Amino acid sequence: MYNINKDLANIFKRMGAIYEFLGDKFRSLAYYKASEILEDLPDDVRNYILNGKLYSIRGIGQGIATKIEEYVETGKIEKYEELKQLVPEDFLELMDLKGIGPKTLKRLYDELGIKTKDELIKALKDGRVEKLKGFGKKKVERILKSLELYEISKKRIILWEALQISRYLKDTLKNSLSKEIKKIEVVGSIRRRKETIGDIDILIACDEKDRLKIADFFISIPEVSFVIGKGEKKTSVIMKFDNRERQVDIRFFNLNEWGSALQYFTGSKEHNVHVREIAKEKGLKLNEYGVFKVDTEERIAGETEEGVYKALGMEWIPPEMREDRGEVELALQGKIPKLVELKDIKGDLHIHSTWSDGVNSIKDIAYFVREKYKYEYIVITDHSKTQRVANGLDEERLLKEIEEVKLLNKMMGWEFIKIGTEVDILLDGSLDLSDEILSQLDWVVASVHSHFNRDNTDRILKAMENPYVNAIGHMTGRLIGIREGFKVNMNEVLKKAKETGTALEINSQPRRMDIDEHWVKRAVEEGVKMVISTDSHSLGNFAYMEIGVSIARRGWATNKDILNTGSWEDIKKFVNEKRKKFGAVLK
DNA sequence: GCCGTTTTCGGCCCGACTGTTTTCAGTCG
């Protein structure tokens, strides 16, 4: 999205690796942290410079701020160019390998002259590494195995897939060993609902005598393709699901350690470091087994996560917020917001039927959704005519669709189905349907479906000025792992959305997740309203609502930020406010 | 390199595991 942030994040990561290799541990850590901060920054770093806010970012000090400014001005960082002369380029990748850290790499470099991955493999296989003092057969085997697993670990899977896999594993374990397993929870980035997931981590509370039995069962699950290690504290395997390989770790704890273990293994790393700093300031020590007083070693918490945070003088923090983006400070002040929840959603505002490219009739959708999700309303939003491949509707067919919805509502005896459209935003920013017909609809989503290689801010701004457009669909058009989103200027869009009374859609399709959490956080800050929609094309797609709610929670959204936590009356009010503002026909 | 009403210098999260040792260094999460 913001290439300059990404560029800088990459440079700082490399500088961190170089300093780590050079043995400057803490300077290295500072650069790694700066890299994470840049990666995570919700806005273009150049705007921080303009607003004079660069120096107020926690973790960015004088030294790194100067380097950011240097990069913005000149396009490079002199110090980085110098450092690159000291260390071979490939070392960043080599340090990523499990089992090789800076010390090992330095010895391989000093004593065997190894500079690339290929040279490393050769030296491992021809026995030169094994002969070094302090090395042995096992260490060599471990490094070779990690080379093999490297490609797997580099690929991340999307949240939806990770949720399916982790739930299958949790159910399989729980159902097969219901007596032995007292508690089981999926932790790590899945519990935080990150967009993409690396490893899958599962915690289990049980009696110590049952640990090996559970581990044995776990490694016998048919999807396990390789056992990395088996023990009483931790067991790790590689599993294969539909040709995708994932590392899965299970860890064992006693019941009274459950809360601190959950806290510890949910992360993120940055959040935990910050929380442990707080503990230290209070003369306490926090680890995965509990909260302890430093002087007397007395254990004062650990059974529950709430208890762990409380012992540190903090409110419990929802996992989705634990990224060290300011939530620790809020928790200390008791000001953690009440985030939107799946159960708060009262309807879905973006749905396709057989009228365009959906696979189910409006009638089937209505009965299914009302029964299964207990929503108060749904809006059918089929494509408009430019989307020929999606069987998009022209004005004439849309009028017929409106009639069908009226009939169905009469039949069901409830005004459950609302009629809308997902209208195309054309290249010049005009819409694919006339105002005359748009004014007859309950809800209008406008989306860009073409020209992905340009900055599309102009088209989106113009579409928002149409009095009948209520939300912008899948803002950047990205498809995770397939297509980068096109450029959109977030600040201008947020400003225009606020000014015109247009909502932003959080599209819940697993590969879209668009807008993303950074947009959401900014929208919350600016008071711009959002809707969470599934963009469903089949009955199974309605389950994606969970994904959209996760994005909203990671952006700290509460019910007041999300329109479809309200009744249909609330939504109608939002629609009419915009129409009134523009002197247009009221609904 | 960052940070701070105990500090502008001297700290920087903490414990487990592994392999190669015989008391510990390196790595990981």
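Owing to the predicted nature of the structure, the values given are computational and were not obtained by experimental measurement. Lettering follows sequence order; numbering is per chain, from 1.
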Exercise. What is the nucleic acid contact for A:Ile37, judged by heavy atoms within less than 4.0 Å: base, sugar-phosphate only, or nothing?
Worked result: nothing
For this session: Determine the Euclidean distance between corresponding C1' atoms of B:dG1 and B:dT5; express it in Å to zero decimal places.
Result: 23 Å
For this session: Please figure out whether A:Val273 or A:Lys67 has its closest DNA chain B nucleotide nearer the 5' end.
Result: A:Lys67
Exercise. Looking only at atom P, what distance separates B:dC2 and B:dT6, rounded to whole Å?
Worked result: 23 Å
For this session: Report yes or no: do A:Arg522 and A:Asn491 form a side-chain donor-acceptor pair below 3.5 Å?
Result: yes
Problem set entry | Rounded distance in Å between the P positions of B:dC13 and B:dT18 | 25 Å
Problem set entry | DNA chain B: 5'-most and 3'-most nucleotides touching chain A, 4.0 angstrom heavy-atom criterion | B:dG1 to B:dG29
For this session: Can you label the angle between the A:Tyr109 ring and the A:Phe21 ring as parallel, tilted or perpendicular, going by 30° and 60°?
Result: perpendicular
Exercise. Which atom pair, heavy atoms only, marks the closest approach of A:Ile551 to A:Asn507?
Worked result: CD1-O, 4.2 Å
Problem set entry | P-based separation of B:dG26 from B:dT21 [nearest Å] | 13 Å
Problem set entry | Salt-bridge criterion met for A:Glu306 and A:Lys310 (N-O under 4.0 Å) | no
Seminar exercise, completed: Exactly one candidate in A:Tyr31, A:Phe12, A:Tyr32, A:Tyr80 meets ring-ring contact (aromatic ring centres under 6.0 Å, His included) with A:Tyr19; the answer is A:Tyr31
For this session: Determine the contact category for A:Lys280: base if any of its heavy atoms lies under 4.0 Å from a base atom, sugar-phosphate if only primed atoms, P, OP1 or OP2 are that close, otherwise nothing.
Result: sugar-phosphate
Exercise. Can you tell me how far C1' in B:dT23 sits from the matching atom in B:dC17, rounded to whole Å?
Worked result: 16 Å
For this session: For B:dG4 and B:dT8, measure between their P atoms and round to the nearest Å.
Result: 14 Å
Exercise. If you measure from the C1' atom in B:dT20 to the same atom in B:dT27, how many Å do you get, rounded?
Worked result: 14 Å
Return all side-chain donor-acceptor pairs below 3.5 angstrom for residues 249-256 of chain A, not counting sequence neighbours, or 'none' if the list is empty.
unit_1	atom_1	unit_2	atom_2	d
A:Asp249	OD1	A:Ser236	OG	2.8
A:Asp249	OD1	A:Gln247	NE2	3.1
A:Asn254	OD1	A:Arg211	NH2	3.3
A:Asn254	ND2	A:Glu208	OE2	3.4

Problem set entry | Ion pair check, A:Glu185 and A:Arg191, cut-off under 4.0 Å | no
Problem set entry | First of A:Lys103 and A:Glu232 reached from the 5' end of DNA chain B, by closest nucleotide | A:Glu232
